[in-house]
Amino acid sequence: MRMKSVPLFGLFLVLGVQHVISESPLPKDDHGECGFSSDEKDSCALYCYRSMKLGLAYIIELKEKIKILEENHSEREISQLSKVVENLQSKIDQQNIQIANINDFITNSVRQKEVEEKAESQTEIDNFKRKVDQLKENLENVQRQAEKDKEESLAEQRNRNREIENLKARLANQKSDLDKAIKDLESKNKEFEKYQTKEKNSSNKIGELNSEISSLKKKLEESEIQLIDSNHLVEKHSLQLNQTKEYLIECQKRIPKTGCKGLSSGIHQIGIPGIDPISALCEGDIEGGGWIVIHKRFDGSVDFNRTWTEYRNGFGNKKGEFFIGLENLHRITNPQTYELYVQLEYHNKPFQFASYDNFRIGNETAKYKLESLGEFKGTASDAMEYNLKQAFSSYDQDNDQWDSNCAQINGGWWHRRCSYTRLNGKYFNTEVEEFYSMSWWNYISLKSVQMLIRLK
């Protein structure tokens, strides 16, 4: 009696597995195989879990039936059930083959997708490198031209200085000649008086002396006129020197600017290559200073759930919470290499930071794509790597890869399928753990955050 109960138990166990398989059919594609796309992996995992759960429930029910069948069965029933077991075993073998084919299909699909994404990323990287090389070459040409203009201006100034020195030397010589002439005149006057005393009747001699005196007076008048002309010439050259000075100042303005480098913390008017000077908040106390603050939140006074146009142009107040704007950020980071520093403050933890050494975003045509981050370091997690190569999204312009718009939940950002970074999420005055809070990596709300960039 006990030996016959074993095949009966095995039979009912097989029947239970077959029942579960029939109750939970796999999703099939056009070729009869399981279609595991990227959006169906979760449903396949759920299918396996439900199948196991149904199988366990069914086995418990079969155990109850076995107790009854162990007491009431015949040799003929056992033979029939054995045949059924063989048929079910054959079906199970077919199911195993189908599952093996599904596993192969999933493995090949994932491998092919990884190869295609790697080739596409390498092509984009090569294009970006060529653009950077072209921008560097343009910058070097501008620098060489500015240096050439500066050298030419200095050479012209040196020539004018030499002309002025020559004029001064000529004036000094003329003055010396004039002094000599005056002394000669005084000497001749004494001689004239001497001759007048000795020879009162020497009228001819007196006439010659008078003629000579007239000639000397004429020379003196001519020297005075030349002196006046020289003064006019000096004034003219002084004006030219002032114009040269203004030209040099203008050339100095053309030299590439360095943003907030060397400036103290506070609002300054700074120069950026390729754009007009802008008003910016500088940070001079963190990691050596020289930072331009591009994003700052600390009290929730400014709503960061903004439109595409507001994120493009920037919003807020530099004395409080603000965002510098995507267009300014693109123009600043493209001509030269900038590093990014993100300072994170928690309600109940010490400060943390995350930094990247080559931060750059594209233009509006590219939807301000996060083109580069560079090498990461910091005490916080590398949460932004997930957003690399992604376009920016706002609640009124969805550019992410999710079925819904992540920006409507987490605020504007470079979302992929949403993000690990939610710096434009909802602000909380106390620590909470919410998916939509202003947070980094996990869902724990931040007390404050600021994003800084600096010319590398």
Side-chain angles (χ1 to χ4, degrees), residues 2-70 73 75-125 382 385-390 400-404 406 415-420:
R2 297 295 297 174
M3 292 179 66
K4 292 179 180 180
S5 67
V6 175
L8 282 175
F9 177 80
L11 172 60
F12 283 114
L13 180 59
V14 172
L15 285 171
V17 173
Q18 178 62 26
H19 172 75
V20 172
I21 293 172
S22 64
E23 288 295 323
S24 304
L26 286 168
K28 295 178 179 285
D29 61 12
D30 295 339
H31 303 289
E33 295 179 342
C34 179
F36 284 85
S37 67
S38 61
D39 292 328
E40 294 172 334
K41 291 179 181 180
D42 292 339
S43 64
C44 286
L46 182 60
Y47 158 76
C48 293
Y49 171 77
R50 288 177 176 173
S51 296
M52 291 174 64
K53 188 174 181 181
L54 288 171
L56 290 173
Y58 197 77
I59 287 170
I60 293 171
E61 182 181 352
L62 289 176
K63 285 182 179 180
E64 297 297 327
K65 292 181 179 180
I66 287 171
K67 290 180 180 179
I68 300 171
L69 291 174
E70 282 180 342
H73 65 278
E75 293 293 330
R76 183 171 172 271
E77 289 173 339
I78 292 172
S79 175
Q80 291 176 351
L81 290 173
S82 296
K83 291 179 182 180
V84 173
V85 169
E86 291 176 359
N87 292 334
L88 289 175
Q89 184 62 44
S90 175
K91 290 182 179 182
I92 290 172
D93 292 339
Q94 291 176 1
Q95 291 287 343
N96 289 336
I97 293 171
Q98 187 176 16
I99 290 171
N101 291 336
I102 290 170
N103 288 334
D104 292 340
F105 174 77
I106 292 173
T107 302
N108 293 334
S109 298
V110 172
R111 185 179 294 113
Q112 181 179 0
K113 185 174 180 181
E114 289 176 349
V115 171
E116 291 173 354
E117 289 181 348
K118 184 175 181 181
E120 181 181 354
S121 297
Q122 186 60 44
T123 301
E124 290 180 354
I125 290 171
D382 183 6
E385 177 67 22
Y386 184 73
N387 307 114
L388 187 60
K389 305 302 180 185
Q390 296 305 303
D400 61 40
Q401 299 179 20
W402 194 35
D403 294 338
S404 300
C406 297
H415 295 295
R416 184 186 292 270
R417 294 175 64 85
C418 293
S419 301
Y420 297 115

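As the structure is a computational prediction, the values presented were derived from the model and not from experiment.
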Set of side-chain contact (heavy atoms from CB on, under 4.5 Å) partners for Cys406, sequence neighbours left out: Asp400, Trp402, His415, Cys418

Got a sec, which residues hit side-chain hydrogen bond (donor to acceptor under 3.5 Å, both in side chains) with Asp382, two or more places apart in sequence or on another chain? Tyr356

Set out, in order, the CA-CA distance, both residues' side-chain angles and the distance that settles side chain to side chain contact (heavy atoms under 4.5 Å, CB included) for Gln112 and Asn108, then state yes or no. CA-CA 6 Å; Gln112 181 179 0; Asn108 293 334; over 6 Å; no

Residue set satisfying side-chain hydrogen bond (donor to acceptor under 3.5 Å, both in side chains) with Gln401, at least two apart, ordered chain then number -> Gln390

Ring pair (Phe, Tyr, Trp, His ring centres under 6.0 Å) with Tyr386: which residues, sequence neighbours excluded? Tyr420

